[in-house]
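What follows is a single structure, written as C-alpha coordinates, with notes after it.
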Amino acid sequence: MLQVNFIREQKDTIITGLKKRGWSDEKMSILDQIIQADDRRKALQTEQDVLLSKINQHSKSIGDLFKSGKQAEANVLKEEVATFKAKAQTLDEDFKSTKAELENLLFQVPNVPNDLVPAGTTDEDNEVFKDLEGELPDLGAEAQPHWELASKYQLIDFAKGVQITGAGFPVYMGKGARLQRALVQFFLNEANDAGYLELNTPFVVNEESARGTGQLPDKEGQMYHAEVDNFYLIPTAEVPVTNMHRDEILAEADLPKKYTAFSPCFRREAGSYGADVKGLNRLHQFEKVEIVQMVHPSTSYEVLDKMIGHVEGLLQKLELPYRILRLCGGDLGFTSALTYDFEVYSGAQKRWLEVSSVSNFETFQSNRLKMRYKGEDGKKHLVHTLNGSALALPRIMASLLENNQTSGGIVIPEVLRKYTGFDIIN
RNA sequence: GGAAGAGUGGCAGAGCUGGUUUAAUGCACCGGUCUUGAAAACCGACGUACCUUAACGGGUACCGGGGGUUCGAAUCCCUCCUCUUCCGCCA
(Lines give C-alpha, C1' and ligand atoms only; values in the text may rest on other atoms or scores of the structure.)
Protein backbone atom coordinates (compact mmCIF):
# COMPACT_ATOMS: atom_id res chain seq x y z
CA MET A 1 0.00 0.00 0.00
CA LEU A 2 1.39 3.38 -0.98
CA GLN A 3 1.45 6.24 1.50
CA VAL A 4 -1.01 9.03 0.79
CA ASN A 5 1.63 11.68 1.34
CA PHE A 6 3.81 9.97 -1.21
CA ILE A 7 0.94 10.17 -3.70
CA ARG A 8 0.46 13.84 -2.88
CA GLU A 9 4.10 14.74 -3.26
CA GLN A 10 5.25 12.45 -6.06
CA LYS A 11 2.23 12.08 -8.25
CA ASP A 12 4.20 12.53 -11.48
CA THR A 13 6.71 9.87 -10.50
CA ILE A 14 3.89 7.48 -9.71
CA ILE A 15 2.13 8.15 -13.00
CA THR A 16 5.34 7.49 -14.92
CA GLY A 17 5.77 4.26 -13.00
CA LEU A 18 2.20 3.04 -13.41
CA LYS A 19 2.36 3.66 -17.15
CA LYS A 20 5.00 0.92 -17.21
CA ARG A 21 2.37 -1.36 -15.75
CA GLY A 22 0.12 -0.49 -18.64
CA TRP A 23 -2.14 1.90 -16.74
CA SER A 24 -4.23 4.19 -18.92
CA ASP A 25 -4.52 7.92 -18.28
CA GLU A 26 -8.12 7.28 -17.35
CA LYS A 27 -7.15 4.85 -14.65
CA MET A 28 -4.71 7.37 -13.17
CA SER A 29 -7.66 9.41 -11.94
CA ILE A 30 -7.74 7.10 -8.95
CA LEU A 31 -4.76 9.05 -7.61
CA ASP A 32 -6.81 12.22 -7.50
CA GLN A 33 -9.69 10.33 -5.96
CA ILE A 34 -7.34 9.21 -3.21
CA ILE A 35 -6.16 12.72 -2.52
CA GLN A 36 -9.74 13.98 -2.45
CA ALA A 37 -10.83 11.22 -0.11
CA ASP A 38 -7.92 12.03 2.15
CA ASP A 39 -8.86 15.71 2.11
CA ARG A 40 -12.36 14.77 3.21
CA ARG A 41 -10.94 12.53 5.89
CA LYS A 42 -8.85 15.37 7.27
CA ALA A 43 -11.70 17.85 7.24
CA LEU A 44 -13.98 15.40 9.02
CA GLN A 45 -11.38 14.64 11.64
CA THR A 46 -10.77 18.30 12.34
CA GLU A 47 -14.48 18.87 12.78
CA GLN A 48 -14.84 15.78 14.91
CA ASP A 49 -11.90 16.67 17.16
CA VAL A 50 -13.28 20.11 17.88
CA LEU A 51 -16.62 18.62 18.83
CA LEU A 52 -15.12 15.95 21.06
CA SER A 53 -12.99 18.59 22.72
CA LYS A 54 -16.13 20.55 23.60
CA ILE A 55 -17.78 17.45 25.00
CA ASN A 56 -14.71 16.74 27.13
CA GLN A 57 -14.70 20.28 28.49
CA HIS A 58 -18.40 20.19 29.27
CA SER A 59 -18.09 16.87 31.04
CA LYS A 60 -15.41 18.29 33.26
CA SER A 61 -17.57 21.31 34.04
CA ILE A 62 -20.55 19.09 34.81
CA GLY A 63 -18.49 17.19 37.34
CA ASP A 64 -17.37 20.40 39.00
CA LEU A 65 -20.90 21.82 39.07
CA PHE A 66 -22.31 18.68 40.68
CA LYS A 67 -19.63 18.86 43.36
CA SER A 68 -20.52 22.42 44.20
CA GLY A 69 -24.22 21.54 44.22
CA LYS A 70 -25.19 23.52 41.13
CA GLN A 71 -27.37 20.83 39.67
CA ALA A 72 -29.53 23.10 37.54
CA GLU A 73 -26.55 24.53 35.70
CA ALA A 74 -25.16 21.06 35.24
CA ASN A 75 -28.38 19.88 33.65
CA VAL A 76 -28.27 22.72 31.13
CA LEU A 77 -24.83 21.59 30.05
CA LYS A 78 -25.96 18.01 29.90
CA GLU A 79 -28.61 18.89 27.39
CA GLU A 80 -26.09 20.77 25.33
CA VAL A 81 -23.78 17.76 25.31
CA ALA A 82 -26.65 15.62 24.07
CA THR A 83 -26.89 17.73 20.92
CA PHE A 84 -23.11 17.59 20.47
CA LYS A 85 -23.22 13.86 20.76
CA ALA A 86 -25.87 13.47 18.11
CA LYS A 87 -23.73 15.50 15.75
CA ALA A 88 -20.62 13.55 16.70
CA GLN A 89 -22.39 10.33 15.88
CA THR A 90 -23.16 11.28 12.29
CA LEU A 91 -19.70 12.76 11.89
CA ASP A 92 -18.21 9.51 13.09
CA GLU A 93 -20.18 7.53 10.53
CA ASP A 94 -19.00 9.83 7.76
CA PHE A 95 -15.46 9.62 9.04
CA LYS A 96 -15.45 5.85 9.11
CA SER A 97 -16.97 5.43 5.69
CA THR A 98 -14.54 7.96 4.22
CA LYS A 99 -11.64 6.10 5.74
CA ALA A 100 -12.94 2.81 4.36
CA GLU A 101 -13.35 4.40 0.94
CA LEU A 102 -9.82 5.77 1.10
CA GLU A 103 -8.39 2.41 2.03
CA ASN A 104 -10.35 0.69 -0.70
CA LEU A 105 -8.89 3.11 -3.24
CA LEU A 106 -5.37 2.65 -1.89
CA PHE A 107 -5.67 -1.12 -2.18
CA GLN A 108 -6.18 -0.71 -5.91
CA VAL A 109 -2.87 1.03 -6.54
CA PRO A 110 0.11 -1.27 -7.07
CA ASN A 111 3.68 -0.48 -6.15
CA VAL A 112 5.61 1.96 -8.30
CA PRO A 113 8.09 0.11 -10.50
CA ASN A 114 11.75 0.94 -10.10
CA ASP A 115 13.49 2.81 -12.95
CA LEU A 116 15.17 -0.43 -13.98
CA VAL A 117 11.84 -2.12 -14.74
CA PRO A 118 11.39 -2.40 -18.50
CA ALA A 119 8.10 -1.32 -20.03
CA GLY A 120 5.95 -4.11 -21.37
CA THR A 121 2.70 -5.91 -20.95
CA THR A 122 3.35 -9.67 -20.93
CA ASP A 123 6.09 -12.10 -19.97
CA GLU A 124 7.32 -11.83 -23.56
CA ASP A 125 8.57 -8.37 -22.65
CA ASN A 126 10.67 -9.47 -19.72
CA GLU A 127 14.31 -8.57 -20.09
CA VAL A 128 16.90 -11.32 -20.04
CA PHE A 129 19.11 -9.91 -17.33
CA LYS A 130 21.57 -12.78 -17.41
CA ASP A 131 21.35 -15.40 -20.11
CA LEU A 132 22.34 -19.01 -19.89
CA GLU A 133 26.07 -19.44 -20.18
CA GLY A 134 26.75 -21.85 -23.01
CA GLU A 135 24.40 -23.88 -25.11
CA LEU A 136 20.99 -25.17 -24.18
CA PRO A 137 21.45 -28.75 -23.05
CA ASP A 138 20.65 -31.29 -25.74
CA LEU A 139 19.49 -34.51 -24.16
CA GLY A 140 18.80 -36.24 -27.42
CA ALA A 141 15.62 -37.78 -28.74
CA GLU A 142 15.47 -40.43 -26.03
CA ALA A 143 15.12 -37.87 -23.26
CA GLN A 144 12.09 -38.42 -21.04
CA PRO A 145 10.12 -35.71 -19.24
CA HIS A 146 10.26 -35.81 -15.46
CA TRP A 147 6.82 -37.36 -15.00
CA GLU A 148 7.91 -40.37 -17.03
CA LEU A 149 11.16 -40.60 -15.08
CA ALA A 150 9.26 -40.24 -11.83
CA SER A 151 7.14 -43.18 -12.76
CA LYS A 152 9.99 -45.27 -14.19
CA TYR A 153 12.04 -44.99 -11.00
CA GLN A 154 9.04 -44.86 -8.65
CA LEU A 155 9.88 -41.43 -7.28
CA ILE A 156 6.49 -39.73 -7.40
CA ASP A 157 2.98 -41.14 -7.58
CA PHE A 158 0.58 -38.58 -8.99
CA ALA A 159 -2.38 -40.99 -9.07
CA LYS A 160 -2.15 -41.77 -5.37
CA GLY A 161 -2.14 -38.07 -4.66
CA VAL A 162 -5.35 -37.73 -6.63
CA GLN A 163 -6.85 -40.58 -4.63
CA ILE A 164 -5.85 -39.05 -1.33
CA THR A 165 -6.61 -35.43 -2.09
CA GLY A 166 -6.82 -34.36 -5.72
CA ALA A 167 -4.79 -33.22 -8.69
CA GLY A 168 -1.74 -31.19 -7.78
CA PHE A 169 -1.02 -33.07 -4.56
CA PRO A 170 1.60 -35.66 -5.50
CA VAL A 171 3.00 -38.37 -3.28
CA TYR A 172 6.80 -38.48 -3.28
CA MET A 173 8.36 -41.75 -2.33
CA GLY A 174 11.63 -43.55 -1.86
CA LYS A 175 14.52 -41.75 -3.48
CA GLY A 176 12.09 -39.12 -4.75
CA ALA A 177 11.12 -38.18 -1.20
CA ARG A 178 14.71 -38.41 -0.04
CA LEU A 179 15.98 -36.23 -2.87
CA GLN A 180 13.40 -33.60 -1.97
CA ARG A 181 14.41 -33.72 1.70
CA ALA A 182 18.07 -33.46 0.69
CA LEU A 183 17.35 -30.33 -1.34
CA VAL A 184 15.56 -28.73 1.61
CA GLN A 185 18.53 -29.46 3.86
CA PHE A 186 20.94 -28.10 1.30
CA PHE A 187 18.95 -24.89 0.79
CA LEU A 188 18.52 -24.24 4.50
CA ASN A 189 22.17 -24.86 5.25
CA GLU A 190 23.23 -22.53 2.46
CA ALA A 191 20.92 -19.82 3.80
CA ASN A 192 22.24 -20.32 7.31
CA ASP A 193 25.79 -19.99 6.02
CA ALA A 194 24.79 -16.75 4.33
CA GLY A 195 23.67 -15.33 7.67
CA TYR A 196 19.92 -15.89 7.51
CA LEU A 197 18.26 -16.87 10.78
CA GLU A 198 16.30 -20.05 10.33
CA LEU A 199 12.64 -19.94 11.35
CA ASN A 200 10.05 -22.65 11.53
CA THR A 201 6.74 -20.82 11.42
CA PRO A 202 3.06 -21.71 11.43
CA PHE A 203 1.81 -22.88 8.05
CA VAL A 204 -1.61 -21.44 8.74
CA VAL A 205 -2.15 -17.74 9.38
CA ASN A 206 -4.95 -15.49 10.56
CA GLU A 207 -6.69 -12.91 8.42
CA GLU A 208 -4.60 -10.01 9.68
CA SER A 209 -1.37 -11.64 8.57
CA ALA A 210 -2.79 -12.46 5.15
CA ARG A 211 -3.78 -8.83 4.85
CA GLY A 212 -0.40 -7.61 6.04
CA THR A 213 1.60 -9.04 3.18
CA GLY A 214 -1.06 -8.20 0.63
CA GLN A 215 -2.54 -11.64 -0.06
CA LEU A 216 -5.82 -10.14 1.01
CA PRO A 217 -7.88 -8.66 -0.37
CA ASP A 218 -6.49 -9.08 -3.91
CA LYS A 219 -5.63 -12.79 -3.87
CA GLU A 220 -8.49 -14.04 -1.77
CA GLY A 221 -9.41 -16.86 -4.16
CA GLN A 222 -5.85 -18.13 -4.44
CA MET A 223 -5.56 -19.24 -0.82
CA TYR A 224 -7.10 -22.22 0.91
CA HIS A 225 -9.35 -20.91 3.63
CA ALA A 226 -10.16 -22.82 6.82
CA GLU A 227 -13.43 -21.04 7.42
CA VAL A 228 -14.37 -22.47 10.80
CA ASP A 229 -11.41 -20.69 12.40
CA ASN A 230 -10.94 -18.10 9.66
CA PHE A 231 -7.38 -19.23 9.01
CA TYR A 232 -5.57 -19.30 5.69
CA LEU A 233 -3.10 -21.95 4.51
CA ILE A 234 0.05 -20.10 3.57
CA PRO A 235 0.84 -19.74 -0.13
CA THR A 236 4.47 -19.01 0.81
CA ALA A 237 6.55 -18.66 3.98
CA GLU A 238 6.82 -14.99 3.07
CA VAL A 239 3.50 -14.47 4.84
CA PRO A 240 4.34 -15.71 8.35
CA VAL A 241 7.94 -14.52 8.18
CA THR A 242 7.20 -10.99 7.02
CA ASN A 243 4.52 -10.72 9.70
CA MET A 244 7.12 -11.40 12.39
CA HIS A 245 7.58 -7.69 12.87
CA ARG A 246 4.15 -6.38 12.01
CA ASP A 247 3.32 -3.28 14.02
CA GLU A 248 6.79 -2.97 15.48
CA ILE A 249 9.29 -0.20 15.78
CA LEU A 250 12.71 -1.75 15.42
CA ALA A 251 15.96 -0.17 16.47
CA GLU A 252 18.08 0.96 13.56
CA ALA A 253 20.86 -1.24 14.92
CA ASP A 254 18.57 -4.29 14.62
CA LEU A 255 18.56 -3.93 10.84
CA PRO A 256 18.93 -5.83 8.67
CA LYS A 257 16.72 -8.70 9.77
CA LYS A 258 17.58 -11.76 7.70
CA TYR A 259 15.33 -14.79 7.88
CA THR A 260 15.04 -18.08 6.09
CA ALA A 261 12.20 -20.53 6.46
CA PHE A 262 11.16 -23.80 4.95
CA SER A 263 7.46 -24.41 4.46
CA PRO A 264 4.94 -26.23 2.40
CA CYS A 265 3.03 -23.80 0.20
CA PHE A 266 -0.64 -24.13 -0.63
CA ARG A 267 -2.09 -22.53 -3.73
CA ARG A 268 -5.46 -23.06 -5.29
CA GLU A 269 -4.14 -21.99 -8.70
CA ALA A 270 -7.64 -21.49 -9.98
CA GLY A 271 -7.73 -21.23 -13.75
CA SER A 272 -4.52 -23.11 -14.54
CA TYR A 273 -4.55 -25.86 -17.15
CA GLY A 274 -2.66 -27.75 -19.85
CA ALA A 275 1.09 -28.21 -20.08
CA ASP A 276 1.52 -25.74 -17.23
CA VAL A 277 0.11 -28.19 -14.73
CA LYS A 278 1.64 -31.36 -16.16
CA GLY A 279 3.76 -33.33 -13.69
CA LEU A 280 5.49 -31.10 -11.18
CA ASN A 281 5.13 -27.93 -13.21
CA ARG A 282 2.37 -26.43 -11.10
CA LEU A 283 1.04 -27.91 -7.87
CA HIS A 284 -1.46 -27.06 -5.19
CA GLN A 285 0.97 -28.11 -2.49
CA PHE A 286 4.70 -27.77 -2.83
CA GLU A 287 7.70 -27.09 -0.65
CA LYS A 288 9.95 -24.09 -0.66
CA VAL A 289 12.76 -22.44 1.24
CA GLU A 290 12.27 -18.71 1.40
CA ILE A 291 14.64 -15.89 2.29
CA VAL A 292 13.28 -12.62 3.67
CA GLN A 293 14.98 -9.42 4.69
CA MET A 294 13.85 -6.25 6.43
CA VAL A 295 16.42 -3.57 5.79
CA HIS A 296 17.34 0.09 5.99
CA PRO A 297 15.91 1.84 2.91
CA SER A 298 19.30 3.07 1.78
CA THR A 299 20.59 -0.49 1.41
CA SER A 300 17.66 -2.33 -0.12
CA TYR A 301 18.90 -2.46 -3.71
CA GLU A 302 22.33 -3.55 -2.62
CA VAL A 303 20.63 -6.27 -0.59
CA LEU A 304 18.52 -7.25 -3.59
CA ASP A 305 21.74 -7.86 -5.55
CA LYS A 306 23.09 -9.98 -2.73
CA MET A 307 19.93 -12.07 -2.63
CA ILE A 308 20.18 -12.60 -6.37
CA GLY A 309 23.76 -13.71 -5.87
CA HIS A 310 22.65 -16.17 -3.20
CA VAL A 311 20.01 -17.77 -5.40
CA GLU A 312 22.39 -17.86 -8.35
CA GLY A 313 24.95 -19.63 -6.19
CA LEU A 314 22.43 -22.36 -5.38
CA LEU A 315 21.71 -23.02 -9.04
CA GLN A 316 25.39 -23.06 -9.89
CA LYS A 317 26.14 -25.54 -7.15
CA LEU A 318 23.34 -27.75 -8.41
CA GLU A 319 24.84 -27.42 -11.90
CA LEU A 320 21.50 -26.58 -13.45
CA PRO A 321 21.13 -24.52 -16.64
CA TYR A 322 19.53 -21.23 -15.63
CA ARG A 323 18.89 -17.68 -16.68
CA ILE A 324 17.74 -14.56 -14.87
CA LEU A 325 14.94 -12.31 -16.05
CA ARG A 326 14.11 -8.80 -15.01
CA LEU A 327 10.34 -8.58 -15.02
CA CYS A 328 8.66 -5.94 -17.14
CA GLY A 329 5.97 -3.64 -15.77
CA GLY A 330 3.13 -5.80 -17.01
CA ASP A 331 4.46 -8.98 -15.42
CA LEU A 332 5.62 -7.37 -12.18
CA GLY A 333 3.73 -8.43 -9.07
CA PHE A 334 1.28 -5.98 -7.52
CA THR A 335 3.40 -5.34 -4.44
CA SER A 336 6.86 -5.34 -6.01
CA ALA A 337 9.04 -2.48 -7.18
CA LEU A 338 11.61 -4.68 -8.88
CA THR A 339 11.63 -8.44 -9.42
CA TYR A 340 14.10 -10.88 -10.86
CA ASP A 341 12.86 -14.30 -11.87
CA PHE A 342 15.14 -17.30 -12.07
CA GLU A 343 14.34 -19.97 -14.61
CA VAL A 344 15.91 -23.38 -15.05
CA TYR A 345 15.82 -25.13 -18.36
CA SER A 346 13.87 -28.31 -18.47
CA GLY A 347 15.83 -30.33 -21.00
CA ALA A 348 13.19 -32.86 -21.92
CA GLN A 349 10.20 -30.51 -21.94
CA LYS A 350 12.36 -28.01 -23.77
CA ARG A 351 11.02 -25.09 -21.79
CA TRP A 352 12.07 -22.70 -19.06
CA LEU A 353 10.58 -23.20 -15.60
CA GLU A 354 10.43 -20.45 -13.01
CA VAL A 355 12.06 -21.60 -9.78
CA SER A 356 12.62 -18.36 -7.93
CA SER A 357 11.38 -14.82 -7.76
CA VAL A 358 13.41 -12.25 -5.87
CA SER A 359 11.80 -8.89 -5.16
CA ASN A 360 12.26 -5.58 -3.46
CA PHE A 361 8.97 -4.25 -2.11
CA GLU A 362 10.50 -1.07 -0.74
CA THR A 363 7.91 0.33 1.72
CA PHE A 364 4.84 -1.15 0.02
CA GLN A 365 4.51 -4.02 2.50
CA SER A 366 5.97 -2.24 5.51
CA ASN A 367 3.45 0.58 5.18
CA ARG A 368 0.54 -1.79 5.53
CA LEU A 369 2.38 -3.81 8.17
CA LYS A 370 3.43 -0.68 10.07
CA MET A 371 6.94 -2.07 10.25
CA ARG A 372 9.24 0.78 11.15
CA TYR A 373 12.59 1.58 12.65
CA LYS A 374 13.74 4.50 14.74
CA GLY A 375 16.45 6.32 12.87
CA GLU A 376 19.45 8.16 14.27
CA ASP A 377 17.46 11.33 13.68
CA GLY A 378 15.00 10.06 16.31
CA LYS A 379 12.21 9.77 13.75
CA LYS A 380 10.37 6.70 12.62
CA HIS A 381 10.75 5.43 9.09
CA LEU A 382 9.34 2.46 7.23
CA VAL A 383 11.77 -0.37 6.55
CA HIS A 384 12.18 -1.91 3.13
CA THR A 385 11.23 -5.55 2.75
CA LEU A 386 12.59 -8.07 0.27
CA ASN A 387 12.09 -11.72 -0.31
CA GLY A 388 13.05 -14.50 -2.63
CA SER A 389 12.62 -18.20 -3.15
CA ALA A 390 15.79 -20.08 -2.35
CA LEU A 391 14.40 -22.24 -3.76
CA ALA A 392 11.05 -23.77 -4.75
CA LEU A 393 11.35 -27.53 -4.88
CA PRO A 394 9.15 -29.12 -7.58
CA ARG A 395 10.60 -27.48 -10.66
CA ILE A 396 14.12 -27.96 -9.33
CA MET A 397 13.22 -31.62 -8.99
CA ALA A 398 11.81 -31.66 -12.50
CA SER A 399 14.87 -30.03 -13.95
CA LEU A 400 17.27 -32.23 -12.00
CA LEU A 401 15.56 -35.40 -13.09
CA GLU A 402 15.39 -34.39 -16.72
CA ASN A 403 18.80 -32.83 -17.18
CA ASN A 404 20.69 -35.43 -15.19
CA GLN A 405 19.18 -38.51 -16.81
CA THR A 406 21.67 -40.91 -18.35
CA SER A 407 21.42 -44.41 -19.72
CA GLY A 408 22.59 -45.64 -16.33
CA GLY A 409 20.11 -43.61 -14.27
CA ILE A 410 19.69 -40.11 -12.84
CA VAL A 411 22.94 -38.67 -11.52
CA ILE A 412 22.75 -36.74 -8.23
CA PRO A 413 24.75 -33.49 -8.24
CA GLU A 414 27.94 -33.73 -6.23
CA VAL A 415 26.85 -31.12 -3.70
CA LEU A 416 23.72 -33.06 -2.74
CA ARG A 417 25.26 -36.46 -2.20
CA LYS A 418 26.11 -35.93 1.43
CA TYR A 419 22.43 -35.17 2.01
CA THR A 420 20.90 -37.91 -0.14
CA GLY A 421 23.26 -40.69 0.80
CA PHE A 422 23.14 -41.99 -2.77
CA ASP A 423 24.69 -40.69 -5.96
CA ILE A 424 22.44 -42.17 -8.59
CA ILE A 425 18.80 -43.08 -9.02
CA ASN A 426 18.45 -46.29 -11.03
C1' G B 1 -13.84 -28.71 25.63
C1' G B 2 -15.21 -27.15 31.15
C1' A B 3 -14.00 -23.93 35.62
C1' A B 4 -11.43 -19.87 37.95
C1' G B 5 -8.04 -15.73 37.64
C1' A B 6 -5.46 -12.14 34.76
C1' G B 7 -4.22 -8.80 30.39
C1' U B 8 -1.99 -1.05 31.95
C1' G B 9 3.47 2.94 28.32
C1' G B 10 10.65 -0.62 26.53
C1' C B 11 10.32 -3.56 31.37
C1' A B 12 8.31 -3.87 36.40
C1' G B 13 4.06 -2.14 38.71
C1' A B 14 -0.12 1.24 41.16
C1' G B 15 -4.96 2.76 39.87
C1' C B 16 -9.94 -0.86 38.76
C1' U B 17 -16.08 1.37 45.38
C1' G B 18 -16.47 5.86 37.49
C1' G B 19 -14.96 12.92 37.66
C1' U B 20 -7.41 17.46 39.51
C1' U B 21 -5.16 10.40 35.45
C1' U B 22 -2.70 15.77 31.36
C1' A B 23 -1.94 7.00 33.66
C1' A B 24 1.44 7.39 40.05
C1' U B 25 6.13 5.18 41.27
C1' G B 26 10.65 2.43 40.15
C1' C B 27 14.04 0.59 36.40
C1' A B 28 15.99 1.03 31.49
C1' C B 29 17.11 4.44 27.48
C1' C B 30 18.48 9.69 25.98
C1' G B 31 20.40 14.85 27.14
C1' G B 32 22.78 17.84 30.93
C1' U B 33 25.49 19.22 35.72
C1' C B 34 29.57 17.23 38.48
C1' U B 35 34.31 14.28 37.13
C1' U B 36 40.80 13.52 34.02
C1' G B 37 37.18 9.57 32.52
C1' A B 38 33.49 6.34 34.42
C1' A B 39 30.17 5.23 38.37
C1' A B 40 27.11 7.48 41.98
C1' A B 41 24.18 11.73 42.93
C1' C B 42 21.25 15.61 41.06
C1' C B 43 18.39 18.13 36.97
C1' G B 44 15.67 17.49 32.49
C1' A B 45 13.46 14.92 28.55
C1' C B 46 11.20 10.30 27.84
C1' G B 47 4.69 6.15 24.20
C1' U B 48 1.89 5.52 19.34
C1' A B 49 -1.27 7.35 15.46
C1' C B 50 -3.87 11.24 13.41
C1' C B 51 -5.80 16.52 12.94
C1' U B 52 -4.25 21.63 13.24
C1' U B 53 -0.11 25.53 13.04
C1' A B 54 4.93 29.11 9.09
C1' A B 55 6.75 27.84 13.83
C1' C B 56 6.18 27.63 19.16
C1' G B 57 2.15 25.24 20.38
C1' G B 58 -2.97 23.37 20.53
C1' G B 59 -6.43 19.21 19.86
C1' U B 60 -8.38 14.00 19.35
C1' A B 61 -7.95 8.81 19.99
C1' C B 62 -5.46 4.66 22.26
C1' C B 63 -4.79 1.11 29.44
C1' G B 64 -5.49 -6.92 24.82
C1' G B 65 -9.48 -6.28 20.18
C1' G B 66 -14.59 -4.80 19.25
C1' G B 67 -19.28 -3.01 21.10
C1' G B 68 -22.41 -0.86 25.08
C1' U B 69 -24.08 2.13 29.64
C1' U B 70 -23.03 7.42 31.21
C1' C B 71 -22.72 14.42 30.83
C1' G B 72 -17.99 11.69 31.83
C1' A B 73 -14.96 4.83 31.48
C1' A B 74 -8.20 2.13 32.51
C1' U B 75 -12.30 1.79 36.19
C1' C B 76 -19.21 -0.71 35.16
C1' C B 77 -21.70 -4.27 31.36
C1' C B 78 -21.49 -7.58 26.81
C1' U B 79 -18.46 -10.17 23.39
C1' C B 80 -14.04 -12.03 21.18
C1' C B 81 -8.71 -13.01 21.65
C1' U B 82 -4.45 -14.27 24.59
C1' C B 83 -1.96 -15.88 29.04
C1' U B 84 -1.88 -18.51 33.99
C1' U B 85 -3.86 -22.40 37.23
C1' C B 86 -7.10 -26.69 37.82
C1' C B 87 -10.14 -30.60 35.33
C1' G B 88 -11.06 -33.41 30.79
C1' C B 89 -8.99 -35.16 26.09
C1' C B 90 -4.60 -36.13 23.37
C1' A B 91 0.52 -36.70 19.43
Side-chain angles (χ1 to χ4, degrees), chain A residues 1-9 34-106 200-212 216 225-232 240 243-255 257 264 363 365-383:
Chain A
M1 190 163 68
L2 294 179
Q3 297 167 88
V4 179
N5 282 341
F6 179 62
I7 297 174
R8 283 180 186 278
E9 288 156 21
I34 287 169
I35 292 170
Q36 283 160 20
D38 193 48
D39 285 341
R40 282 202 299 282
R41 191 201 108 246
K42 285 184 178 187
L44 285 167
Q45 181 165 346
T46 305
E47 205 178 337
Q48 177 83 310
D49 284 357
V50 169
L51 199 55
L52 290 175
S53 176
K54 279 187 194 164
I55 293 174
N56 285 341
Q57 282 172 23
H58 274 47
S59 296
K60 216 167 263 178
S61 304
I62 290 168
D64 293 340
L65 288 170
F66 268 125
K67 272 184 197 157
S68 49
K70 299 173 181 168
Q71 306 232 342
E73 287 178 48
N75 284 329
V76 172
L77 284 183
K78 275 170 87 165
E79 276 174 41
E80 207 172 330
V81 168
T83 64
F84 288 160
K85 280 193 77 178
K87 182 122 187 262
Q89 173 110 30
T90 58
L91 269 176
D92 190 51
E93 280 163 18
D94 281 357
F95 183 66
K96 278 182 179 158
S97 68
T98 303
K99 255 177 50 170
E101 182 195 338
L102 176 63
E103 188 170 61
N104 180 43
L105 288 168
L106 281 169
N200 190 321
T201 69
F203 302 145
V204 172
V205 297
N206 60 30
E207 187 180 335
E208 223 179 332
S209 293
R211 203 166 287 283
L216 292 176
H225 187 193
E227 292 184 32
V228 175
D229 295 299
N230 198 23
F231 289 156
Y232 292 87
N243 273 283
M244 284 280 289
H245 300 292
R246 158 157 43 101
D247 235 334
E248 270 187 38
I249 300 172
L250 301 160
E252 188 164 353
D254 288 341
L255 301 177
K257 291 278 184 189
T363 60
Q365 286 185 327
S366 60
N367 184 37
R368 196 185 296 196
L369 288 159
K370 296 192 171 54
M371 190 152 61
R372 294 152 292 171
Y373 70 94
K374 197 164 196 173
E376 280 170 6
D377 55 3
K379 291 181 182 166
K380 280 128 245 143
H381 307 277
L382 294 169
V383 304

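In what follows, every chain begins at residue 1, and chains take the letters A, B, ... in the order their sequences are listed. Note that the structure is predicted; figures quoted are calculated from it, not measured.
Checked against B:rC71, B:rU22, B:rU60, the side chain of A:F66 finds its nearest nucleotide in B:rC71. Closest contact between the side chain of A:D49 and the listed nucleotides B:rU52, B:rU60, B:rU48 involves B:rU60. Looking at the side chain of A:I62, the nearest of the listed nucleotides B:rC71, B:rU22, B:rU48 is B:rC71.
With a cut-off of 3.5 Å on both Watson-Crick or G-U wobble distances, the partner of B:rG1 is given as B:rC87. Base-pair partner of B:rG37: not found among the strands shown (Watson-Crick or G-U wobble, both distances under 3.5 Å). Using Watson-Crick or G-U wobble geometry with both donor-acceptor distances under 3.5 Å, B:rU17 finds no partner in any strand shown. Under the Watson-Crick or G-U wobble criterion, with both distances below 3.5 Å, B:rG7 is paired with B:rC81. Of the nucleotides present, B:rG59 is the one that pairs with B:rC50 by Watson-Crick or G-U wobble criteria, both distances under 3.5 Å. In a base pair of the Watson-Crick type (N1 to N3 plus N6-O4 or O6-N4) or a G-U wobble (N1-O2 and O6-N3), with each distance short of 3.5 Å, B:rA24 is matched with no nucleotide.
Here B:rA61 presents its P atom at 16 Å from CG of A:L44, a figure rounded to the nearest Å.
In this structure, A:N75 reaches neither bases nor backbone, as no heavy-atom distance under 4.0 Å exists between it and the strands shown. Using a 4.0 Å heavy-atom cutoff across all strands shown, A:K380 reaches sugar-phosphate atoms only and no base atom.
Across the interface with RNA chain B, nearest-nucleotide mapping of A:Q57 and A:A82 shows A:Q57 to be the residue nearer the 5′ end.
Side chain to side chain, A:S209 and A:N206 meet the donor-acceptor criterion of an N or O pair below 3.5 Å.
A salt bridge links A:R41 with A:D38: the distance from a Lys NZ or Arg NE/NH1/NH2 to an Asp or Glu carboxylate oxygen falls below 4.0 Å. Classification of A:D64 and A:K60 as a salt-bridged pair fails, no side-chain N sitting under 4.0 Å from a carboxylate O.
B:rG26 sits 27 Å from B:rG18 when the C1' atoms are compared, rounded to a whole Å.
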